[in-house]
There are 2 protein chains.
Amino acid sequence: MLHVAEAARVSVATVSAVLNGTATVSPELTQRIEQAIRDIGYKRNAIARSLKMGTTRTIGLTVPHITNPFFTDVVSVIQQAFDRAGYAVMLCCTDEDLNTQDDQIRLLLDRMVDGLIVARVGDGGILKGIVGDANVPVVLLDRLCEGVDTDAVVLDNQRAVFDAVTYLIHLGHRRIGYITGASDISPMHDRMIGYREALQAAGLPVAEELIRSGNFHEIDGYNATMQLLSLHDRPSAIFSANNPMVIGTMKAIRDIGLSCPEDISVACFDDFPWSDVFVPQLTTVAQPVQAIGEQAANLLLDRLAGNREAPPRKLVLKGRLMIRNSCRPLGALAQSVSA
Amino acid sequence: MLHVAEAARVSVATVSAVLNGTATVSPELTQRIEQAIRDIGYKRNAIARSLKMGTTRTIGLTVPHITNPFFTDVVSVIQQAFDRAGYAVMLCCTDEDLNTQDDQIRLLLDRMVDGLIVARVGDGGILKGIVGDANVPVVLLDRLCEGVDTDAVVLDNQRAVFDAVTYLIHLGHRRIGYITGASDISPMHDRMIGYREALQAAGLPVAEELIRSGNFHEIDGYNATMQLLSLHDRPSAIFSANNPMVIGTMKAIRDIGLSCPEDISVACFDDFPWSDVFVPQLTTVAQPVQAIGEQAANLLLDRLAGNREAPPRKLVLKGRLMIRNSCRPLGALAQSVSA
DNA sequence: AACGCTAATCTAAACGTTTCGAATGTGTCA
DNA sequence: TGACACATTCGAAACGTTTAGATTAGCGTT
């Protein structure tokens, strides 16, 4: 900027003024300055600007795994939204590990991000300290967090699973296996409630041996399914509460020599591009990823625009059951269908 | 830092010295300063540091679409690698649009990223200017770029498709449909050559009506497949040069009432987690995503470590044909198999 | 002609670091 | 005792912006 000022024979203040339009400067000087900028190929240094202004026009986004298609989609939407608003996005993957998440958040805070969108992990860790005192607004994504009272956008997980399991019950299933992730993660907790309530509403018992817990990965779904399928009185249907784990479920079914939906019905959480391409076409609970991403972005952008004092806002969106053909009717229902 | 200095009754220079270990300071002062840092809860301002040091410890990463599973995986690997090295990653999606890419790169450059990893789009645009004069090292990912002579890591696309198509030919296929993306993208160009050479090597004619071009999206694959399948003498196999497009291919086959592999064989580029879970299990060319991501990160980290003068390095990795059951043997071969 | 008003421009301080060179204190040696 | 080396600490400039307030010039009033 100094060079531009010299070339245009003005002060740096005047250059700054035309760059930002913060003061009226004569057409003559404006012209001279713009010419100098072009000649020199000057680009304003955003770091110096950030230092002075106290804002970086950058936000931090952390998710457990970007390879989980739900997060892939949401990250994509959020990135686009902030791009439109002139913000850059720093992406971090916490690998479902609390220490990693704490490190990442510190990294982001050190870099003075203007805001944070977090699909939290563990108990939230350092997050609890930040939301209270720091001046960087935080939006929780997908997962609420005890002790972190801030803006959030989540799904009505309980209702979504309730509907899915009720659907299985209506098909005639009585023993429905359930594979969940760590129950200290709010969606996992809520989904489990939905499962239990659906059974209870139908007057069915909740058999604890049908409930298996894993750590979100394919291998966990595989192991859980293996256990369920080797049960004395094995379930006729399995609901997997997470997408990567359902891959394991399908592989376990294949490896054990069974087939879906003939021998066992399968449904799961989170839709993905391939779910209706192959055989079987998977019945899933689709999350409104576009809306989730956009709402999260909007909540944060609103705070960034200055609305700091409004009380925390919690948005709860609805899932949608995508009925395909990975679940088959049982008993009398099966008769009437095949008749 | 000023507050810390005051609290510890020292100068800011001394605080900086203990923070960075750049000078010897007495145990006594060190102790007092560290105490003050804890008391105040001081965090060093990375922006001010960046301004002074001329480095942000942040890199920019742009990909066409993060929802393409190939890029999802590579982004994930790259993010992890830089995280380990203490760098933050700014992610941008260019949506396969050159103007968007130019905007994104400008955004990243404005923010003074220390380096850039780019899966380029179009003809590279602004990229050409940057590599020459700027002092930010650039690594090309997946796609080379005419006029941009810099570090790069790509696949041996030609060979990979050659092998895949040769495999189809060995199965007895003679008319093999080919669906490609824009041919100004180096991988698409090279893959096409691999296709043509495989046919020629087997003494087969290259039928231009079997080659269809799309814009990387599912819908393009769908339309292209529809056209191929309504050909008078339709192909017995289709190779799709890109992953999202093969979804369209599978959907078109389904919608037209055919089935894979009975009526038509399908193979495609890029493996993905579901490829061996459903029926049919897709035969794919798997890219070594882990290696690609790590090598790209290493090339850039090496430049960032100061190795600026080495001539551009181009890494070419090998793909691997994952043979599953979406391609069936034809003619005499089919006889011998079914016998 | 002196005055005040407005518009245009500039000077200089600030943002929070790093770092060079100077200053201070201490001990060693002739 | 003075000269010198060395270790420790500090003052102040610099990085490239923004911006409050000062300055200057031009112009209409009285």
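Throughout, a chain's letter reflects where its sequence line sits, starting with A, and its residues are numbered from 1. All values derive from a computational prediction rather than experimental measurement.
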Asks: Using a heavy-atom distance cut-off of less than 4.0 Å, which residues of residues 23-34 of chain B contact DNA chain C?
Replies: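 Residues of residues 23-34 of chain B under 4.0 Å from DNA chain C: none.
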
Asks: Could you give the CD1-to-P distance, from B:I47 to D:dC15, as a whole number of Å?
Replies: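 That distance rounds to 18 Å.
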
Asks: Quick one: is C:dT18 close enough that its OP1 or OP2 comes under 4.0 Å of any side-chain N or O from B:R49?
Replies: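 For B:R49, the contact criterion (side-chain N or O under 4.0 Å from OP1 or OP2 of C:dT18) is met.
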
Asks: State which of C:dT18, D:dT17, D:dC15 makes the closest approach to the side chain of B:L51.
Replies: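 For B:L51, the side-chain atoms sit closest to D:dC15.
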
Asks: Take B:H65 and B:H217 through the side chain to side chain contact (heavy atoms under 4.5 Å, CB included) test and state the conclusion after the steps.
Replies: CA-CA 10 Å; B:H65 289 114; B:H217 296 287; 3.3 Å; yes

Asks: How close or far is atom P of D:dT17 from atom NZ of A:K43, stated in whole angstroms?
Replies: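 To the nearest whole Å, that distance equals 12 Å.
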
Asks: How long is the straight-line distance from NZ of A:K314 back to CG of A:D151, given to the nearest 0.5 Å?
Replies: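 Rounded to the nearest 0.5 Å, the CG-NZ separation comes to 12.5 Å.
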
Asks: Looking at C:dT11, D:dG11, D:dT17, which one has an atom nearest to any side-chain atom of B:A13?
Replies: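 Side chain of B:A13 sits closest to D:dG11.
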
Asks: Side chain of B:V10 only, please: which of C:dT18, D:dT19, D:dC10 is the nearest?
Replies: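 Among the listed nucleotides, the one closest to the side chain of B:V10 is D:dC10.
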
Asks: Going by the side chain to side chain contact (heavy atoms under 4.5 Å, CB included) test, name the single residue among A:T150, A:V118, A:V121, A:T62 that passes it with A:L127.
Replies: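 Considering A:T150, A:V118, A:V121, A:T62, a side chain to side chain contact (heavy atoms under 4.5 Å, CB included) with A:L127 is found only for A:V118.
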
Asks: Report yes or no: does B:R120 contribute a side-chain atom to a donor-acceptor pair with the main-chain N or O of B:G122 at less than 3.5 Å?
Replies: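 A pair under 3.5 Å: yes.
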
Asks: Just by distance, do the side chain of A:Q79 and the backbone of B:L91 share a donor-acceptor pair under 3.5 Å?
Replies: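 Pair found, side chain donor or acceptor close to backbone of B:L91.
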
Asks: Rounding to a whole Å, what distance do you find between A:M53:CE and C:dC15:C1'?
Replies: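 Rounding to the nearest Å, CE of A:M53 and C1' of C:dC15 are 12 Å apart.
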
Asks: Here's one to test your reading of the geometry: is the NZ or CZ of A:R143 within 45 degrees of the ring axis of A:F216 and under 6.0 Å from its centre?
Replies: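 Output yes; distance and angle both within limits.
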
Asks: Measuring from the side chain of B:T22 (C-beta onward, heavy atoms only), which nucleotide among C:dG16, C:dT19, D:dT18 has the closest atom?
Replies: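 Shortest atom-to-atom distance from the side chain points to C:dT19.
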
Asks: Is there a donor-acceptor pair closer than 3.5 Å between any side-chain N or O of A:E294 and the backbone N or O of A:A81?
Replies: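 Such a contact is absent between A:E294 side chain and A:A81 backbone.
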
Asks: What is the distance from NZ of B:K52 to P of D:dA13, rounded to the nearest Å?
Replies: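 Atom-to-atom, B:K52 to D:dA13, this comes out as 12 Å.
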
Asks: Report the distance from atom CZ of B:R111 to atom C1' of D:dT17, rounded to the nearest whole Å.
Replies: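 Rounded to the whole Å, the gap is 15 Å.
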
Asks: Which one of B:D102, B:D97, B:D103 satisfies the side chain to side chain donor-acceptor pair (under 3.5 Å) criterion with B:T100?
Replies: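 Output: one option passes, namely B:D97.
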
Asks: How long is the line joining CE of A:M1 and P of C:dA12, in whole Å?
Replies: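 Atom CE in A:M1 sits about 18 Å away from atom P in C:dA12.
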
Asks: Between D:dT18 atom C1' and A:R44 atom CZ, what is the distance in whole Å?
Replies: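 So the CZ-C1' distance, A:R44 to D:dT18, works out to 10 Å.
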
Asks: Taking the nucleotide of DNA chain D with the closest heavy atom to each, which residue, B:S11 or A:L2, is nearer the 5' end?
Replies: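 Residue closer to the 5' terminus by nearest nucleotide: B:S11.
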
Asks: Within less than 4.0 Å of OP1 or OP2 of D:dC15, is there a side-chain N or O belonging to A:N45?
Replies: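 For D:dC15, neither OP1 nor OP2 has a side-chain N or O of A:N45 closer than 4.0 Å.
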
Asks: Under 4.0 Å between a side-chain N or O of A:S16 and OP1 or OP2 of D:dT18?
Replies: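 Checking D:dT18 against A:S16, a side-chain N or O does come within under 4.0 Å of OP1 or OP2.
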
Asks: Give the rounded distance in Å between these two atoms: CZ of A:R57 and C1' of D:dT17.
Replies: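 Taking atom C1' of D:dT17 as the reference, CZ of A:R57 is at 16 Å.
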
Asks: Any side-chain N or O of A:T14 less than 4.0 Å from the OP1 or OP2 oxygen of C:dC10?
Replies: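 Yes, A:T14 has a side-chain N/O under 4.0 Å of OP1/OP2 on C:dC10.
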
Asks: What's the closest nucleotide to the side chain of B:Y42 if the choices are C:dG16, C:dT17, C:dA12?
Replies: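 Selected nucleotide (nearest to the side chain): C:dT17.
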
